[in-house]
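Before any comments, here is the structure.
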Amino acid sequence: MLEQKLTGSCGAIILGVDLAHMSNADFSFVLSKLEDNGVLYFPDQDLDIDSFRALGHRFGELEKHQIVDGMEDYPEVIKVHKPASESASFGVGWHSDNSFQKEPSMASMLYAKIVPPFGGDTVFANQVQAYEGLSAKMKELVDGLNAVHSASSAYQTEGAKKKFAKETAITYSWGDSILSEVIHPVVRVHQPSGKKALFVNEMFTLRFEGMSPSESRPILDYLTHHATRPEFCCRLKWQANGLAIWDNGLVQHYAVDDYQAFERLMYRITVKGQKPVGLR
Ligand code: SIN
């Protein structure tokens with residue numbers, strides 16, 4: 001297997017592996033490269049839905065999305081589909097997958113089947129480097145903070161309601177559960193590496209525990225802006241049959257909506273995670 005780094009901060013292309021028939025030694029190599037790079041891209045993979053799910057199972061238990069409908073026969077698999085007639089809505093904004101859950105997703109996988117001729121990239125940002133890039137005083141502040149996360153801001157604001165009221169290829173089923181709030185440490189200790197990573201994002205983090213929304217806002221805005229500085233990012237250009245795996249405890253990501261006239265179809269699964277561990 002060959003690793004080609006995408007940038008100096010995160011992301012690597014892994015060549016010479018058939019993900020559907022990976023030996024245990026190859027799988028250990030993939031796991032260690034995921035920990036090093038946060039996100040891996042494997043071009044030219046030949047998977048059907050069953051082998052895609054089987055690959056996911058090697059990383060852990062698959063989960064059903066709380067809001068986005070999965071495929072009828074495979075509820076843990078989401079078809080991230082944007083026909084040429086729609087504009088993209090899924091994943092457009094910086095986020096760590098399902099950080100609104102008590103146990104946010106550990107890893108996510110996206111398998112590209114139809115890609116636009118240009119555009120439709122996904123951008124990733126290394127949250128370990130983002131934490132390391134803070135001043136000592138700011139680290140002192142965030143080390144002791146917890147943040148409130150919820151899906152409500154992404155799906156319940158007026159703008160979001162309008163966006164999701166349209167008929168789209170992706171369908172959503174939400175109940176009051178999206179209004180529930182969960183608390184996570186702002187600095188997350190990645191398991192099992194022990195790396196310290198920032199864990200706030202513009203899509204799902206609402207405020208800090210023990211602070212009002214207006215007290216939280218300037219610090220939150222600073223952190224989410226800082227966390228996605230270009231120095232911490234890599235940009236993944238998809239090709240059909242390319243598959244990406246990322247670790248949501250190490251990176252956050254953003255789906256770029258810049259391919260209005262074209263179709264894009266990806267299959268997506270997420271692997272169950274654990275309650276994030278903080279510093280204190
Ligand atoms: C996601 O946020 O999981 C989807 C990313 C993408 O479609 O590029």
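Just so you know, ligand 1 is whichever comes first in the structure, and atom 1 is the first atom listed for that ligand. Owing to the predicted nature of the structure, the values given are computational and were not obtained by experimental measurement.
- The distance criterion of under 3.5 Å between nitrogen or oxygen atoms is met by H253 with respect to ligand 1.
- For ligand 1, the atoms lying closer than 4.0 Å to a non-hydrogen atom of F90 are 1 (C), 3 (O), 4 (C).
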- Item | Check against ring pair (Phe, Tyr, Trp, His ring centres under 6.0 Å), H149 and F100 | CA-CA 5 Å; H149 295 239; F100 54 83; 9.3 Å; no
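- Considering backbone and side-chain N/O atoms, T122 comes within less than 3.5 Å of an N/O atom of ligand 1.
- Considering only heavy atoms from C-beta on, M1 stays 4.5 Å or farther from K33 through its side chain.
- Nearest protein heavy-atom neighbour of atom 5 (C) of ligand 1: L110 CD2, 3.7 Å.
- Close approach of ligand 1 to G91 (heavy-atom distance below 4.0 Å) involves ligand atoms 2 (O).
- Of the candidates V200, V186, L206, L220 forms a side chain to side chain contact (heavy atoms under 4.5 Å, CB included) with just one, namely V200.
- When all heavy atoms are compared, the tightest approach of N248 to D97 is OD1-N, 3.1 Å.
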- Query: What do the steps show when you test E76 against R53 for salt bridge (charged side-chain N to carboxylate O under 4.0 Å, His left out), and what is the final call?
  - Reply: CA-CA 8 Å; E76 323 91 339; R53 290 170 71 244; 3.2 Å; yes
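- Atom CD of Q260 has more than 12 heavy atoms from other residues, nucleotides or ligands within 6.0 Å.
- The distance from ligand 1 to the heavy atoms of A255 drops below 4.0 Å at these ligand atoms: 5 (C), 6 (C), 7 (O), 8 (O).
- Residue W238 places no N or O, backbone or side chain, under 3.5 Å from any N or O of ligand 1.
- Nearest protein heavy-atom neighbour of atom 7 (O) of ligand 1: R264 NH1, 2.9 Å.
- Around the CD atom of E61, the shell of radius 6.0 Å holds no more than 12 heavy atoms that belong to other residues, nucleotides or ligands.
- Distances from atom 2 (O) of ligand 1 to the heavy atoms of M203, H95, R268 show the closest one on H95.
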